[in-house]
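Taking it in order: structure first as structure tokens, then the write-up.
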2 protein chains.
Amino acid sequence: MSVSAATPSPIGDDDLVGRRVLLVDDDPTVAEVASSYLRATGFVVEEAADGFAALHAADRFAPDLIVLDRMLPGIDGLEVFRRLRERVATPVILLTALGSEDDRIAGLEAGADDYLAKPFSPRELVLRVRSVLRRSIDEFTPESVLEVGGFRLDPSARIATRDGVELQLTVREFDLFEFLLKHPNQVFSRDDLLRTVWGWTYGDLSTVTVHVRRLREKIERDPRSPALLTTVWGVGYRFTIGGAQDAVV
Amino acid sequence: MSVSAATPSPIGDDDLVGRRVLLVDDDPTVAEVASSYLRATGFVVEEAADGFAALHAADRFAPDLIVLDRMLPGIDGLEVFRRLRERVATPVILLTALGSEDDRIAGLEAGADDYLAKPFSPRELVLRVRSVLRRSIDEFTPESVLEVGGFRLDPSARIATRDGVELQLTVREFDLFEFLLKHPNQVFSRDDLLRTVWGWTYGDLSTVTVHVRRLREKIERDPRSPALLTTVWGVGYRFTIGGAQDAVV
DNA sequence: GGCATCCGTCCCGGTTCCGTAAGACTTGCC
DNA sequence: GGCAAGTCTTACGGAACCGGGACGGATGCC
């Protein structure tokens with residue numbers, strides 16, 4: 001579905017940071033990968049390995065959202081789902097083994113808020129969690145505009161300007177720039193950026209290099225010797241504003 | 001502005017708690033899921049399985065809002081709708097089947113306050129119930145006329161004009177335009193639009209593309225290079241007003 | 001019953017963008 | 001100064017994306 005807001009998950013100051021997610025899956029590998037990703041995005045995550053624990057955790061942990069595997073030992077996932085619904089209105093994303101449009105529809109009919117087929121990429125999961133949560137909070141409230149040293153970036157309108165002049169940024173460039181603006185004066189490794197901005201577990205780091213270069217071409221006065229988006233040799237990149245404070249690694 | 005939502009769960013919204021919702025659907029599964037969800041959200045819910053019971057309950061139960069399935073045994077949903085409207089001004093949300101014929105019916109549905117295609121996620125339903133209720137509680141309810149940069153759009157009368165000249169918009173085009181006018185300078189993915197304007201949970205995104213094109217044909221001075229309803233590559237569409245800022249090809 | 005309208009879907013062609021590879025260059029270290 | 005690791009630059013192929021044209025089906029109007 002490529003998901004609406006293509007904006008990946010900047011770690012920081014989002015409305016969503018700190019939201020509580022209950023992850024119910026009996027496969028420890030899946031659970032671990034998924035939860036580490038969700039945590040990296042800023043969610044508070046609790047895991048449950050079976051239906052019983054899930055119901056218990058739903059009460060005690062009071063999650064804002066539940067990710068629920070349909071296949072569970074003991075009580076079936078759907079049964080857990082039904083019992084949850086009787087009590088709370090927490091949104092649920094359902095995980096199922098095989099993916100077809102029919103399954104998706106069945107999931108929706110059962111009352112799920114979204115649906116994801118295994119195997120899924122953690123990125124996909126994070127995107128869906130964010131999307132559902134955002135929808136459940138207040139759908140179309142514009143995000144706040146960032147204004148920093150001549151730059152102005154409006155996430156909702158997806159417009160970035162420098163001194164009033166619009167910068168023609170592509171999707172990736174915009175996302176990258178947004179992330180950097182939200183976390184100025186801080187060094188990020190290529191790996192960090194690949195994970196947070198791209199949402200990739202692994203991948204070619206040069207992808208980041210190239211995009212940084214392209215972004216520089218559009219935001220730097222002299223792209224040949226960058227003054228804002230600087231390279232920290234052997235570490236990564238930093239977007240510097242104002243009184244340049246050094247952040248140690 | 002913005003500021004994150006205070007309450008994590010959707011239950012809050014004090015004004016809405018305790019409001020009475022009449023749910024009319026003959027499918028017991030749908031009815032059960034939806035009503036339990038609505039109850040968990042804080043509404044008082046009563047169910048009716050057919051048109052006759054619905055009309056009866058509308059009198060006795062005095063709901064603040066009615067959720068009405070279009071397909072009903074006995075009296076048709078639309079007929080029920082019409083009879084309801086003769087007597088009370090209770091807002092109505094219409095449930096329709098996605099694959100079904102009624103598109104032209106959309107004209108009649110214009111009388112409905114909102115509509116939603118099956119299958120839907122209960123969260124979606126709750127969102128719409130809340131939004132319609134909030135609207136109907138508000139004083140400004142007689143759907144205020146929108147006036148923006150030469151355009152004038154009257155939702156109740158379903159008339160749109162540019163510089164005093166009436167635009168001949170179809171139902172879908174009007175709905176789309178109305179939504180965009182209400183949320184200017186904000187990018188929406190095709191998926192967003194499909195959900196909110198069409199009331200679909202899933203579907204062919206090209207539907208949106210085509211309707212955007214048709215709408216452009218009617219509102220843009222030069223439809224070949226749109227100045228108002230612009231494409232944001234890889235993301236979606238934006239209706240721009242105010243800051244005359246436009247991307248050339 | 002015939003005609004016009006509207007809607008949703010599909011295909012096709014042009015364009016934009018992204019990720020990767022390969023080579024040149026720079027930095028840090030010995 | 002020489003070497004290795006890290007970084008920059010450029011180029012390119014393929015994928016994703018968007019717009020236009022068109023068509024069938026359904027509906028309402030005459």
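Not measured: the values here are computed from a predicted model. Within every chain, numbering begins at 1; the chains are lettered A, B, ... in the order of the sequence lines, protein sequences first and strands thereafter.
Aromatic pair F239(B)/F188(B): centroids not less than 6.0 angstrom apart. For F140(A) and F179(B), the gap between ring centers is short of 6.0 Å.
Between the side chain of Y37(A) and the main chain of T201(A), a donor-acceptor pair closer than 3.5 Å is present.
As a whole-Å value, the separation of L205(A) CG from dT7(D) P is 9 Å. Regarding H211(A), its NE2 atom lies at a distance of 14 Å from the P atom of dA21(C), rounded to whole Å. Distance D204(B) CG to dC7(C) C1': 12 Å, rounded to the nearest Å. If you take CG of L215(B) and P of dG20(D), they are 13 Å apart, rounded to a whole angstrom. Following rounding to the nearest Å, Y115(B) (OH) and dC7(C) (P) show an atom-to-atom distance of 10 Å. In this structure, CZ of R172(A) is placed 16 Å from P of dA15(D), rounded to the nearest angstrom. Rounding to whole angstrom units, CG of residue L169(B) and P of dC6(C) are separated by 10 Å. Taking atom CD of E173(A) as the reference point, atom P of dT16(C) lies 14 Å away to the nearest angstrom.
Applying the 6.0 Å contact sphere to CD of E79(B) captures more than 12 heavy atoms from other residues, nucleotides or ligands.
Under a 4.0 Å N-O distance rule, the pair K218(A)/E173(A) qualifies as a salt bridge. Ion pairing of R195(A) with D191(A) is present here, as a side-chain N (NZ or NE/NH1/NH2) and a carboxylate O approach within less than 4.0 Å.
Between T170(B) and dC6(C) there is no side-chain N or O to OP1 or OP2 distance below 4.0 Å. Between W198(A) and dG19(C) there is a side-chain polar atom (N or O) within less than 4.0 angstrom of OP1 or OP2.
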For the pair Y237(B) and T230(B), evaluate side-chain hydrogen bond (donor to acceptor under 3.5 Å, both in side chains) and give the outcome as yes or no after the intermediate values. CA-CA 6 Å; Y237(B) 298 103; T230(B) 51; over 6 Å; no
The contact string for nucleotides 8-14 of chain D, one letter per nucleotide 5' to 3', using protein heavy atoms under 4.0 Å with B, S and - for base, sugar-phosphate only and none, comes out as BBBB---
Going 5' to 3' through nucleotides 25-30 of chain C and flagging B where a protein heavy-atom sits under 4.0 Å of the base, S where only the sugar-phosphate is that close, and - otherwise, we get --B---
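With the nearest nucleotide of DNA chain C identified for both W200(A) and Q168(B), Q168(B) has the one nearer the 5' end.
Applying the ring pair (Phe, Tyr, Trp, His ring centres under 6.0 Å) definition to pairs two or more places apart or across chains, those involving residues 208-231 of chain A are W198(A)-H211(A).
With D113(B) as the partner, the salt bridge (Lys or Arg N to Asp or Glu O under 4.0 Å) test is satisfied by one option alone out of R134(B), R128(B), R85(B), R135(B): R85(B).
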